[in-house]
Amino acid sequence: MSRLAQTAGLTDIQREILATVRDFVDKEIIPVATELEHRDEYPDRIVEGLKELGLFGLMIPEEYGGLGESLLTYALCVEEIARGWMSVSGIINTHFIVAYMLKQHGTEEQRAAFLPRMAAGEVRGAFSMSEPGLGSDVAAITSKGIRDGDSYVLNGQKMWLTNGGTSSLVAVLCRSDEGHPEGTAPHRSMTTFLVEKEPGFGEVRPGLTIPGKIDKMGYKGVDTTELIMDGLRIPANRVLGGTTGRGFYQMMDGVEVGRVNVAARGCGVAQRAFELGVAYAQQRHTFGKPIAQHQAIQFKLAEMATKVEAAHAMMVNAARKKDSGERNDLEAGMAKYLASEYCKEVVEDAFRIHGGYGFSKEYEIERLYREAPMLLIGEGTAEIQKMIIGRRLLEEYRSQG
């Protein structure tokens with residue numbers, strides 16, 4: 001294990017899981033990540049390896065065939081996987097958000113129907129809030145679910161689905177006015193629908209189309225798509241939790257898990273960037289000595305390592321807070337904000353240490369340089385995190401005067 005980003009207080013089982021994941025990353029992900037990323041190729045063999053390790057069921061309770069581990073264990077595994085290739089961590093992130101939402105908010109019938117197959121990796125999850133004209137304003141969604149007998153008919157266009165093509169279960173947030181009269185606050189008239197579909201692109205079930213992958217600057221390999229619903233009919237028992245009007249709160253609960261995940265990804269990418277930077281600094285010679293012996297480079301390495309440590313500590317704190325059952329939106333927002341910003345800075349410093357070679361696709365740092373920006377916007381931009389943090393701080397420090 002590296003000397004940076006160590007976590008105190010782990011159980012023997014947690015340490016064993018992390019050691020296994022790190023070994024898998026070193027042997028199966030890092031050697032092929034850059035090649036697959038340049039081809040924008042889905043990492044089928046890596047995903048099969050994750051299934052064999054049981055990682056798709058990491059946080060799913062044992063009664064449903066999972067490992068029943070904590071959010072902290074999951075976050076530390078994500079950190080290791082992102083250190084190898086951030087896209088792979090994205091493949092399991094949305095899966096776990098949906099599994100978490102089912103565990104916390106689903107009916108017993110829904111949990112029994114999906115969680116065992118999700119734990120085995122047979123059903124892959126994706127979730128969908130955003131829309132083409134939406135951005136961070138979730139309350140402004142226009143997709144609708146209208147009751148029609150024993151079914152709901154869904155119409156609308158969603159955007160930025162990670163695993164949109166490879167998933168077979170999508171949690172979709174729509175507006176549903178049933179039982180919520182005109183004038184009801186927007187967030188009280190939203191419902192999460194569990195939409196089953198065939199993996200792939202095109203019309204994946206009647207009324208549901210997944211267009212081809214969105215071509216992205218980075219975060220390649222994993223499929224990011226739109227989702228178009230045109231008269232999509234689903235049974236009423238696929239309303240998450242069985243009651244309409246709770247979708248916004250269910251999604252926000254899931255997003256808190258997602259923000260810890262994004263923080264963990266930032267930590268993993270930053271760790272890898274530091275590893276690449278400190279190694280190159282000892283190999284590259286200028287003016288008769290390794291550049292690591294130049295004070296300017298040592299200052300950079302010192303700043304990079306400190307940022308890695310700080311981000312890791314905040315991520316661990318946010319995960320432990322959620323595991324305790326306490327509200328953690330403040331801690332998750334802080335961790336996501338700090339880790340993503342520090343990740344960008346550490347990657348850029350490693351890029352600078354590489355000099356001109358960092359601009360070459362032969363060097364791994366070039367890939368990390370394109371991947372880091374996604375973390376600045378995924379699961380809420382820095383500005384959204386600061387809004388959440390500021391509001392929560394005012395709640396905690398409300399003036400009594």
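Since this is a predicted model, take the numbers as computed values, not measurements.
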Peer 1: Please determine whether the number of non-hydrogen atoms from other residues, nucleotides or ligands lying under 6.0 Å from atom CD of Glu203 exceeds 12.
Peer 2: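 Enclosed: over 12 neighbouring heavy atoms sit under 6.0 Å from CD of Glu203.
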
Peer 1: Using the six-membered ring wherever Trp is involved, compare the ring planes of Phe359 and Phe351 and label them parallel, tilted or perpendicular (cut-offs 30° and 60°).
Peer 2: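 Perpendicular: the ring planes of Phe359 and Phe351 meet at over 60°.
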
Peer 1: How long is the straight-line distance from CZ of Phe24 back to OG1 of Thr20, given to the nearest 0.5 Å?
Peer 2: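 The OG1 atom of Thr20 sits 11.0 Å away from the CZ atom of Phe24.
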
Peer 1: Check whether Arg117 reaches the backbone of Ala113 with its side chain - one donor and one acceptor, N or O, closer than 3.5 Å.
Peer 2: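 Here the side-chain-to-backbone pair exists.
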
Peer 1: Hey, is CD on Glu395 packed in by over 12 heavy atoms from elsewhere, all under 6.0 Å?
Peer 2: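 Yes, the 6.0 Å shell around CD holds more than 12 heavy atoms from other groups.
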
Peer 1: Do the charged groups of Glu37 and Arg367 touch, with an N to O distance under 4.0 Å?
Peer 2: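 Salt bridge absent between Glu37 and Arg367.
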
Peer 1: Does a sphere of radius 6.0 Å around CD in Glu41 hold more than 12 heavy atoms from other residues, nucleotides or ligands, not counting ones at 6.0 Å or beyond?
Peer 2: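 Yes.
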
Peer 1: Hey, are the side chains of Arg272 and Leu368 touching, using non-hydrogen atoms and a 4.5 Å cut-off?
Peer 2: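 Yes - at least one pair of side-chain heavy atoms lies under 4.5 Å apart.
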
Peer 1: Say you draw a straight line from CH2 of Trp85 to CD1 of Ile29; how long is it, rounded to the nearest 0.5 Å?
Peer 2: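 Answer rounded to 0.5 Å: 9.0 Å.
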
Peer 1: Can you name the closest pair of heavy atoms from Lys197 and Ser167 and give their distance?
Peer 2: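 In this case the closest contact between Lys197 and Ser167 is NZ-O, 2.6 Å.
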
Peer 1: Verify, without hydrogens or angle tests, whether Lys307 (side chain) and Glu345 (backbone) share a donor-acceptor contact under 3.5 angstrom.
Peer 2: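 No; judged by distance alone, with no hydrogens or angles, the pair does not exist.
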
Peer 1: Is the shortest side-chain heavy-atom distance between Phe96 and Asn261 below 4.5 Å?
Peer 2: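 Contact flag for Phe96/Asn261 side chains = no.
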
Peer 1: So, for Ala171 and Val98, which heavy atoms are closest and what is the spacing to 0.1 Å?
Peer 2: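 So the minimum-distance heavy-atom pair works out to CB-CG2, 4.2 Å.
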
Peer 1: What distance do Met229 atom CE and Cys174 atom SG have between them, rounded to the nearest 0.5 Å?
Peer 2: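 Met229 CE to Cys174 SG: 4.0 Å, rounded to 0.5 Å.
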
Peer 1: Any carboxylate oxygen within less than 4.0 angstrom of a Lys/Arg side-chain nitrogen, looking at Glu196 and Arg238?
Peer 2: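 The answer is yes: the pair qualifies as a salt bridge.
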
Peer 1: Please walk me through it: do Glu131 and Trp160 pass side chain to side chain donor-acceptor pair (under 3.5 Å)?
Peer 2: CA-CA 8 Å; Glu131 296 180 0; Trp160 305 118; over 6 Å; no

Peer 1: Do the side chains of Glu348 and Lys344 get close enough for a salt bridge, i.e. N-O under 4.0 angstrom?
Peer 2: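 Salt bridge flag = no for Lys344 with Glu348.
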
Peer 1: With a 4.0 Å cut-off on N to O distance, would you call Lys322 and Asp253 a salt bridge?
Peer 2: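 Counted as a salt bridge, because a side-chain N and a carboxylate O are separated by less than 4.0 Å.
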
Peer 1: With a cut-off of 6.0 Å (strictly less than), are more than 12 heavy atoms of other residues, nucleotides or ligands near NZ of Lys216?
Peer 2: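 Yes, because the 6.0 Å sphere around NZ of Lys216 holds more than 12 heavy atoms from other groups.
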
Peer 1: Do Asp44 and Glu48 make a side-chain contact, defined as non-hydrogen atoms from C-beta onward lying under 4.5 Å apart?
Peer 2: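 They are not in contact (no side-chain heavy atoms under 4.5 Å apart), so the answer is no.
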
Peer 1: Between Ser360 and Glu362, does any side-chain donor sit less than 3.5 Å from a side-chain acceptor?
Peer 2: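 No - no donor-acceptor pair under 3.5 Å links their side chains.
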
Peer 1: Tell me the closest heavy-atom pair linking Gln110 and Gly241, and the distance in Å.
Peer 2: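 Taking Gln110 first and Gly241 second, the nearest heavy atoms are OE1-N, 3.1 Å.
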
Peer 1: Is there a donor-acceptor pair under 3.5 Å between the side chain of Asn155 and the backbone N or O of Gly231?
Peer 2: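 Looks like yes, one N/O pair under 3.5 Å.
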
Peer 1: Going through the distances and angles, do Asp40 and Lys213 end up as a salt bridge (Lys or Arg N to Asp or Glu O under 4.0 Å)?
Peer 2: CA-CA 10 Å; Asp40 197 7; Lys213 293 194 302 183; 3.5 Å; yes

Peer 1: Of the non-hydrogen atoms in Thr162 and Ala126, which two are nearest, and what is the gap between them?
Peer 2: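 Here Thr162 and Ala126 meet closest at O-CB, 3.5 Å.
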
Peer 1: Can you tell me if Arg265 uses its side chain to pair, donor with acceptor, with the backbone of Ser87 under 3.5 Å?
Peer 2: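 Pair absent, no side-chain N/O of Arg265 close to backbone of Ser87.
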
Peer 1: Which residue in the set Val222, Leu50, Val32, Ile91 passes side chain to side chain contact (heavy atoms under 4.5 Å, CB included) when paired with Pro43?
Peer 2: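 Filter result, single survivor: Ile91.
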
Peer 1: Using distance alone, with no hydrogens and no angle criterion, decide if Arg124 and Ser168 have a side-chain donor and acceptor under 3.5 Å apart.
Peer 2: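 Distance-only check fails for Arg124 and Ser168.
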
Peer 1: Quick one, Val78 with Ile92, criterion side chain to side chain contact (heavy atoms under 4.5 Å, CB included). Give me CA distance, side-chain angles, the key distance, then yes/no.
Peer 2: CA-CA 8 Å; Val78 166; Ile92 62 174; 4.2 Å; yes

Peer 1: Return yes when atom NZ of Lys144 has more than 12 non-hydrogen atoms of other residues, nucleotides or ligands closer than 6.0 Å, and no otherwise.
Peer 2: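 No, the 6.0 Å shell around NZ holds no more than 12 heavy atoms from other groups.
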
Peer 1: As a quick check of understanding, evaluate side chain to side chain contact (heavy atoms under 4.5 Å, CB included) for Cys267 and Val308, giving each step before the final call.
Peer 2: CA-CA 6 Å; Cys267 292; Val308 168; over 6 Å; no

Peer 1: Is the shortest side-chain N to carboxylate O distance from Asp12 to Arg15 below 4.0 Å?
Peer 2: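 Between Arg15 and Asp12 there is a salt bridge, with a charged N closer than 4.0 Å to a carboxylate O.
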
Peer 1: Looking at every non-hydrogen atom in both residues, tell me the closest pair between Ile228 and Pro211 and how far apart they are.
Peer 2: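 Looking at all heavy atoms of both residues, the shortest contact is CD1-CG, 3.9 Å.
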
Peer 1: CG/Leu76 to CD/Gln6 distance, rounded to the nearest 0.5 angstrom?
Peer 2: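 Going from the CG atom of Leu76 to the CD atom of Gln6 covers 10.0 Å.
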
Peer 1: For Gln295, I'd like to know if atom CD has over 12 heavy atoms of other residues, nucleotides or ligands within 6.0 Å.
Peer 2: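 Open.
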
Peer 1: Quick one about Asn163 and His95 (side-chain donor to acceptor, distance below 3.5 Å, no hydrogens or angles considered), yes or no?
Peer 2: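 No, no side-chain donor-acceptor pair sits under 3.5 Å.
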
Peer 1: For the backbone of Ala5 and the side chain of Glu309, can you confirm whether one donor and one acceptor N or O come within less than 3.5 Å of each other?
Peer 2: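 Checked: pair present.
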
Peer 1: Taking the basic N atoms (NZ, or NE/NH1/NH2) and the acidic carboxylate oxygens, is any pair closer than 4.0 Å for Arg259 and Glu256?
Peer 2: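 No, Arg259 and Glu256 are not salt-bridged.
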
Peer 1: Classify the angle between the aromatic ring planes of Tyr363 and His354 as parallel (below 30°), tilted (30 to 60°) or perpendicular (above 60°).
Peer 2: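 Ring orientation of Tyr363 relative to His354: perpendicular.
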
Peer 1: Ile353 and Gly277: which non-hydrogen atoms are nearest, and at how many Å?
Peer 2: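 Taking every non-hydrogen atom into account, CG2-O, 3.7 Å.
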
Peer 1: One pair to check against side chain to side chain donor-acceptor pair (under 3.5 Å): Gln250 and Thr192. What are the steps and the verdict?
Peer 2: CA-CA 8 Å; Gln250 294 164 346; Thr192 302; 3.2 Å; yes

Peer 1: Could you grab the distance from atom CE of Met374 to atom NZ of Lys220, nearest 0.5 Å is fine?
Peer 2: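 Reported to 0.5 Å precision, the distance equals 13.0 Å.
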
Peer 1: Would you say His105's side chain and Lys103's backbone share a donor-acceptor pair under 3.5 angstrom?
Peer 2: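 Absent.
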
Peer 1: Hey, does the side chain of Asp148 reach the backbone of Val153 with a donor-acceptor pair shorter than 3.5 angstrom?
Peer 2: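 Here the side-chain-to-backbone pair does not exist.
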
Peer 1: So, does Asp349 use its side chain to make a donor-acceptor pair with the main chain of Lys300 at under 3.5 Å?
Peer 2: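 Flag not set: sc Asp349 to bb Lys300 has no pair under 3.5 Å.
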
Peer 1: Is a salt bridge present between Arg83 and Asp26, judged by a nitrogen-to-oxygen distance below 4.0 Å?
Peer 2: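 Salt bridge flag = yes for Asp26 with Arg83.
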
Peer 1: Looking at Arg352, I want to see if its CZ is surrounded by more than 12 non-hydrogen atoms of other residues, nucleotides or ligands under 6.0 Å.
Peer 2: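 Atom CZ in Arg352 is not crowded, with 12 or fewer foreign heavy atoms closer than 6.0 Å.
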
Peer 1: Hey, does the side chain of Thr224 reach the backbone of Ile214 with a donor-acceptor pair shorter than 3.5 angstrom?
Peer 2: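 Not at all, since once roles are kept as given, no pair shorter than 3.5 Å links the two residues.
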
Peer 1: Output the distance between atom CD1 (Ile388) and atom NZ (Lys336), rounded to the nearest 0.5 Å.
Peer 2: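 Here the interatomic distance stands at 9.5 Å.
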
Peer 1: More than 12 heavy atoms of other residues, nucleotides or ligands under 6.0 Å from CD1 of Ile30: yes or no?
Peer 2: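 Yes.
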
Peer 1: Checking side chain to side chain contact (heavy atoms under 4.5 Å, CB included) between Thr381 and each of Gln385, Glu383, Glu379, which is the one that passes?
Peer 2: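 Among the candidates, only Glu383 passes.
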
Peer 1: Show the numbers, then the answer: is there a side chain to side chain contact (heavy atoms under 4.5 Å, CB included) between Leu58 and Cys77?
Peer 2: CA-CA 9 Å; Leu58 190 62; Cys77 287; 3.9 Å; yes

Peer 1: Is the closest side-chain donor-acceptor distance between Gln14 and Thr73 under 3.5 Å?
Peer 2: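 Distance-only check passes for Gln14 and Thr73.
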
Peer 1: For side chain to side chain contact (heavy atoms under 4.5 Å, CB included), just list the numbers for Lys321 and Leu330, CA-CA rounded to whole Å, side-chain angles, deciding distance to a tenth of an Å, and then say yes or no.
Peer 2: CA-CA 10 Å; Lys321 192 76 177 283; Leu330 175 63; over 6 Å; no

Peer 1: Look only at the side chain of Glu331 and the backbone of Arg320, and say whether a donor-acceptor pair between them is shorter than 3.5 Å.
Peer 2: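 Pair absent, no side-chain N/O of Glu331 close to backbone of Arg320.
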
